[in-house]
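This report concerns only the one structure given below.
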Amino acid sequence: QVQLVESGGGLVQAGGSLRLSCSASGASSSGTMAWFRQTPGKDREFVAAFRWSGGNTAYGGSVKGRFTISRDGVKTMTYLQMNDLKPEDTAVYYCARTPRRLILSALSSRSSYDYWGQGTHVTVSS
């Protein structure tokens, strides 16, 4: 059974940085990993994803150029480096995983992922 645990959330001022981590127990270093975020009353929004094989990455339009997704292949850890944070980045951030190597067009779809973490809160103050 794959279990995902996020960490690294917190309170930061606008313009600051945070790095989120996602630990994947019971998972191999293959497939596709992603980060999504959600605010109350809104749908879960795609943030970033990468395919373990080939290293392809994809980003949501609102974070492109500011956020970077990466991984530690040995430890099946996934990271989300968030720079130049804005108040609108405030959300609960979730990591997600599927053992499948998704096609590029499927990377941003919530339904593509089989496993989800419990989320970590990020608050950006103005």
**Request:** Go through the steps for M82 and L20 under the test side-chain contact (heavy atoms from CB on, under 4.5 Å), then give the verdict.
**Result:** CA-CA 8 Å; M82 306 186 295; L20 305 183; 3.7 Å; yes
**Request:** Begin from the C-alpha positions of S21 and M77 and carry the test side-chain contact (heavy atoms from CB on, under 4.5 Å) through to its verdict.
**Result:** CA-CA 7 Å; S21 300; M77 294 283 292; 4.0 Å; yes
**Request:** Assess whether side-chain contact (heavy atoms from CB on, under 4.5 Å) is satisfied between R66 and D89, documenting all intermediate values.
**Result:** CA-CA 11 Å; R66 299 188 296 123; D89 294 319; 2.8 Å; yes
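Linking ILVMFWY residues whenever their side-chain heavy atoms come closer than 4.5 Å, directly or via other members, places W52 and V47 in the same cluster. Placement of F36 and L104 within a single hydrophobic cluster is found when ILVMFWY residues are connected by side-chain heavy-atom separations under 4.5 Å, directly or transitively. In the hydrophobic clustering of this structure, F46 does not group with V122; members are Ile, Leu, Val, Met, Phe, Trp, Tyr whose side-chain heavy atoms approach within less than 4.5 Å, directly or through other members. Linking Ile, Leu, Val, Met, Phe, Trp and Tyr whenever their side-chain heavy atoms come within less than 4.5 Å puts F67 and M33 in one cluster. Hydrophobic clustering (ILVMFWY, side-chain heavy atoms < 4.5 Å, transitive): F50 and L102 are in distinct clusters.
In this structure, Y115 has no ring pair (Phe, Tyr, Trp, His ring centres under 6.0 Å) partners at least two apart in sequence or on a different chain. Partners of V12 by side chain to side chain contact (heavy atoms under 4.5 Å, CB included), not counting sequence neighbours, listed by chain and number: L18, L85, V124.
Screening residues 38-57 for salt bridge (charged side-chain N to carboxylate O under 4.0 Å, His left out) gives R37-E45 as the qualifying pairs, with residues at least two apart or on separate chains. Counting only residues at least two apart or on different chains, no side chain to side chain donor-acceptor pair (under 3.5 Å) pair has a member in residues 116-126. Screening residues 115-126 for salt bridge (charged side-chain N to carboxylate O under 4.0 Å, His left out), with sequence neighbours left out, gives no hits. For residues 98-117, the salt bridge (charged side-chain N to carboxylate O under 4.0 Å, His left out) pairs, not counting sequence neighbours, are R100-D114.
With a 6.0 Å radius and a threshold of 12 heavy atoms from other residues, nucleotides or ligands, E88 has its CD atom above the threshold.
Looking only at side-chain heavy atoms (C-beta outward), Y94 and L4 stay at 4.5 Å or farther from each other. For the pair T90/T39, no side-chain contact is recorded, criterion being any heavy-atom separation below 4.5 Å from C-beta on.
For the atom pair CD1 of I103 and OG1 of T32, the computed distance is 10.5 Å after rounding to the nearest 0.5 Å. Separation of atoms CH2 (W35) and OH (Y79) is listed at 10.5 Å; rounding is to 0.5 Å. Interatomic distance, OG1 of T78 versus CD of E6, reported as 10.0 Å (0.5 Å rounding).
A donor-acceptor contact shorter than 3.5 Å links the side chain of Y113 to the backbone of L107.
Summarising the geometry of A48 relative to L80, their closest heavy-atom pair is CB-CD1, 4.2 Å, with the distance given to 0.1 Å. Counting all heavy atoms, side chain and backbone alike, S109 lies closest to S111 at OG-OG, 2.9 Å.
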